Novice: 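Take this structure first; my questions come after.
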Amino acid sequence: MNSPTLTGIRARSLAVGYDSAEGPVISGLDVDVAVGELTLLFGASGSGKTTLLSAFAGLLRPIEGDLVAWGDDLSNLKGSALLAYRRSVGIVFQSFHLIASLNAWENVALPLRLAGWKPAAARVRAIEALESLAMGAHRDHRPGRLSGGQRQRVAIARALASTPRLVLADEPTAHLDAVSAADTVSLLRSLVTSARAVVVATHDPRFAVADGRVVDLGLRLDGAVQPNP
Ligand SMILES: Nc1ncnc2c1ncn2[C@@H]1O[C@H](COP(=O)(O)OP(=O)(O)OP(=O)(O)O)[C@@H](O)[C@H]1O
Ligand SMILES: [Mg+2]
């Protein structure tokens with residue numbers, strides 16, 4: 001099972017956290033994230049949703065246990081391999097994290113430029129990503145001229161521009177009105193493909209109607225968290 005062809009994430013007896021004196025935030029977690037599926041992380045504030053997403057993103061190294069993603073052992077990945085792994089992940093944030101002085105396509109193109117894309121190719125790809133999310137008409141608009149829902153669409157386009165195999169979204173509807181939130185829910189659900197996994201940390205019950213895997217971090221019994229099958 002532990003083959004380099006694993007398409008998704010497998011966590012076994014996973015512990016993640018920050019300060020060893022405080023103990024891990026999450027421990028004893030067994031969970032699979034599979035391509036073609038939407039995985040939802042539920043749980044009260046402070047239960048560790050953002051922490052787990054950070055580990056999945058390759059930003060926080062596990063304290064204990066196994067965390068393997070697409071064949072990469074995230075407990076030991078270093079240097080250029082770790083950077084390449086991080087670049088294979090698209091992240092969507094609650095508060096969009098767009099740069100106010102850049103317009104929509106420039107925001108989407110920025111991570112591509114940082115990854116070494118040439119300016120013209122990055123612009124073309126950014127505009128394609130915006131058009132795929134029906135945001136082509138807003139490509140020259142700065143975030144200040146966009147609604148919350150439109151800003152989140154730009155942020156999702158930015159996450160998708162590098163065609164990631166894993167999309168992580170951290171409370172993507174928390175700052176949106178009901179209509180924009182519903183739009184973001186269906187958009188994120190539509191990103192699940194046979195080549196891509198999507199993980200959403202959320203309090204939003206609208207995501208729960210989706211067929212998918214639910215990891216409930218809310219029940220912290222003896223520090224152990226078990227996913228629902
Ligand atoms: N950078 C950090 N350094 C130290 N402790 C942290 C850090 N980030 C989070 N924590 C702690 O880890 C625990 C889990 O936090 P986390 O942000 O993962 O929860 P969450 O489920 O995402 O909560 P919310 O629903 O409020 O976003 C909390 O006790 C928090 O104080
Ligand atoms: Mg959080």
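Just so it is clear, the model here is predicted, and its values are computed rather than measured. Any value given below was found using the heavy atoms of this structure, including those in side chains, with hydrogens, waters and symmetry copies removed. Ligands are counted one by one from 1 in listed order, and the atoms in each one are counted from 1 as well.
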Novice: Given Leu188, which of Val185, Thr184, Val192 fulfils the side-chain contact (heavy atoms from CB on, under 4.5 Å) condition?
Specialist: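 Filter result, single survivor: Thr184.
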
Novice: Could you tell me which atoms of ligand 1, counted from 1 in the order shown, lie closer than 4.0 angstrom to a heavy atom of Ser45?
Specialist: 23 (O), 24 (P), 25 (O), 26 (O)

Novice: Flag yes if Leu110 and Val154 sit in one hydrophobic cluster, no otherwise; membership is Ile, Leu, Val, Met, Phe, Trp, Tyr, and two members link when side-chain heavy atoms are under 4.5 Å apart.
Specialist: no

Novice: Verify the contact flag for atom 10 (N) of ligand 1, where contact means a protein heavy atom under 4.0 Å away.
Specialist: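 Yes; the ligand atom in question has protein heavy-atom contact below 4.0 Å.
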
Novice: If you count the atoms of ligand 1 from 1 in the order shown, which ones are under 4.0 Å from a heavy atom of Ala44?
Specialist: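 Once the distances to Ala44 are compared, the set is 21 (O).
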
Novice: If the contact criterion is a heavy-atom separation under 4.0 Å, does Gly43 count as touching ligand 1?
Specialist: no

Novice: Just which atoms of ligand 1 are under 4.0 Å from any heavy atom in His203?
Specialist: 25 (O)

Novice: Going by side-chain hydrogen bond (donor to acceptor under 3.5 Å, both in side chains), His175 matches just one of Gln94, Arg151, Gln152. Which one?
Specialist: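 Of all the options given, the one that passes is Gln94.
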
Novice: Work out which heavy atom in Ala55 is nearest to a heavy atom in Leu74; give both atom names and the distance.
Specialist: O-CD1, 3.6 Å

Novice: At what distance, to the nearest 0.5 angstrom, does CD of Gln150 lie from CG of Asp183?
Specialist: 9.5 Å

Novice: Nearest protein heavy atom to atom 17 (O) of ligand 1, by residue and atom, and its distance?
Specialist: Thr50 CB, 3.7 Å

Novice: Given Glu171, Glu22, Lys49, which has its nearest heavy atom closest to atom 21 (O) of ligand 1?
Specialist: Lys49

Novice: For the backbone of Arg142 and the side chain of Asn103, can you confirm whether one donor and one acceptor N or O come within less than 3.5 Å of each other?
Specialist: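 A pair under 3.5 Å: no.
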
Novice: Parallel, tilted or perpendicular: which fits the ring planes of His97 and Phe93, with parallel below 30° and perpendicular above 60°?
Specialist: parallel

Novice: With no hydrogens and no angle check, is any side-chain donor or acceptor of Ser47 less than 3.5 Å from a backbone partner on Ala44?
Specialist: yes

Novice: In the protein, what heavy atom is nearest to atom 14 (C) of ligand 1, and what distance, to one decimal place, separates them?
Specialist: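 Going by distance alone, atom 14 (C) of ligand 1 is nearest to Gly46 O, 3.4 Å.
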
Novice: Please state whether the separation between the Mg ion (ligand 2) and some N/O/S atom of Thr50 is under 2.8 Å?
Specialist: yes

Novice: Give the atom numbers and elements of ligand 1 that come within less than 4.0 Å of a heavy atom of Thr51.
Specialist: 14 (C), 15 (O), 16 (P), 18 (O)

Novice: Kindly confirm or rule out an N or O of Gly48 lying under 3.5 angstrom from an N or O of ligand 1.
Specialist: yes

Novice: Mind checking whether Val25 contacts ligand 1 via backbone (N, CA, C, O), side chain (CB onward), both or neither, at a 4.0 Å heavy-atom cut-off?
Specialist: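 Side chain only; the backbone of Val25 stays clear of ligand 1.
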
Novice: Just wondering, more than 12 heavy atoms not from Arg145 lying within 6.0 Å of its CZ?
Specialist: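 Not more than 12 within 6.0 Å, no.
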
Novice: Do Asp73 and Arg10 meet the salt-bridge criterion of a basic N to acidic O distance under 4.0 Å?
Specialist: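 No, this pair does not count.
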
Novice: Side chain, backbone, both or neither: which part of Ala201 comes within less than 4.0 Å of ligand 1 when only heavy atoms are counted?
Specialist: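 Within the 4.0 Å criterion, Ala201 makes no contact with ligand 1.
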
Novice: Below 4.0 angstrom, counting only protein heavy atoms, does anything approach atom 30 (C) of ligand 1?
Specialist: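 Under 4.0 Å from atom 30 (C) of ligand 1, zero protein heavy atoms found.
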
Novice: Where is the nearest protein heavy atom to atom 5 (N) of ligand 1: which residue, which atom, and how far?
Specialist: Tyr18 CD1, 3.3 Å

